[in-house]
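Accompanying notes for the structure given below.
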Amino acid sequence: MSAFGVWSAILVIGSVTFAYRLSFIVLFERLSVPDWLRRGLRFVPIAALSAIILPELVVRAGVLNLSPLNPRLLAGLVAMAVAVKTRNVLATIIGGMLALWLLQALLG
């Protein structure tokens, strides 16, 4: 495939993704959405991120690792504490990564 074909595919896929996501914004602006649904939808990003992140913290090579010596799990707990304390995404990422690097160096 030529460079033009690759860039064309990227632009088409990006446009379709943008239009798909924008449709929900436009749809919810024009429709009367029940309050209970609006409240419930606030938790969707948290649930999706939890479903992505938790397995990365506790599963290695298909094996569940809930050991107190699991550096990824401990770093995740540090990141969660930083998030609760600061409510700052950048501080959470930096704190979690520093904790992970330090714990990996100490625990192996």
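What's counted below: heavy atoms across the whole structure, side chains too, no hydrogens, waters or symmetry copies.
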Practice item. Taking side chain to side chain donor-acceptor pair (under 3.5 Å) as the test, write out the residues that go with Arg39, two or more places apart. Key: Asp35
Check your understanding: Got a sec, which residues hit side chain to side chain donor-acceptor pair (under 3.5 Å) with Glu56, two or more places apart in sequence or on another chain?
Key -> Arg60
Closest heavy-atom contact between [X] and [Y]?
X     : Y     : result
Leu57 : Gly76 : CD1-CA, 4.0 Å
Ala75 : Gly96 : CB-O, 3.7 Å
Pro55 : Ser50 : CD-O, 4.0 Å

Check your understanding: Can you list every side-chain hydrogen bond (donor to acceptor under 3.5 Å, both in side chains) pair that touches residues 62-73, not counting sequence neighbours?
Key -> none
Report whether [X] and [Y] are members of the same hydrophobic cluster (ILVMFWY, side-chain heavy atoms less than 4.5 Å apart, transitive linking).
X     : Y      : value
Phe24 : Val33  : yes
Tyr20 : Leu41  : yes
Ile94 : Leu100 : yes
Val84 : Leu77  : no
Leu49 : Leu73  : yes

Check your understanding: Does Ala79 have any side-chain contact (heavy atoms from CB on, under 4.5 Å) partners at least two apart in sequence or in another chain, and if so, which?
Key -> Thr92
Review point. Val63: what forms a side-chain contact (heavy atoms from CB on, under 4.5 Å) with it, not counting sequence neighbours?
Key: none
Revision key, fill the gap. Apart from Val78 itself, members of its ILVMFWY cluster (side-chain separation under 4.5 Å) are Val82
Review point. Hey, are the side chains of Leu66 and Leu64 touching, using non-hydrogen atoms and a 4.5 Å cut-off?
Key: yes
Point to revise | Gap between atom CG of Leu98 and atom CD1 of Ile93 - 0.5 Å precision | key: 11.5 Å
Check your understanding: Quick one: CE on Met80 to CD1 on Ile53, what's the gap to the nearest 0.5 Å?
Key -> 11.0 Å
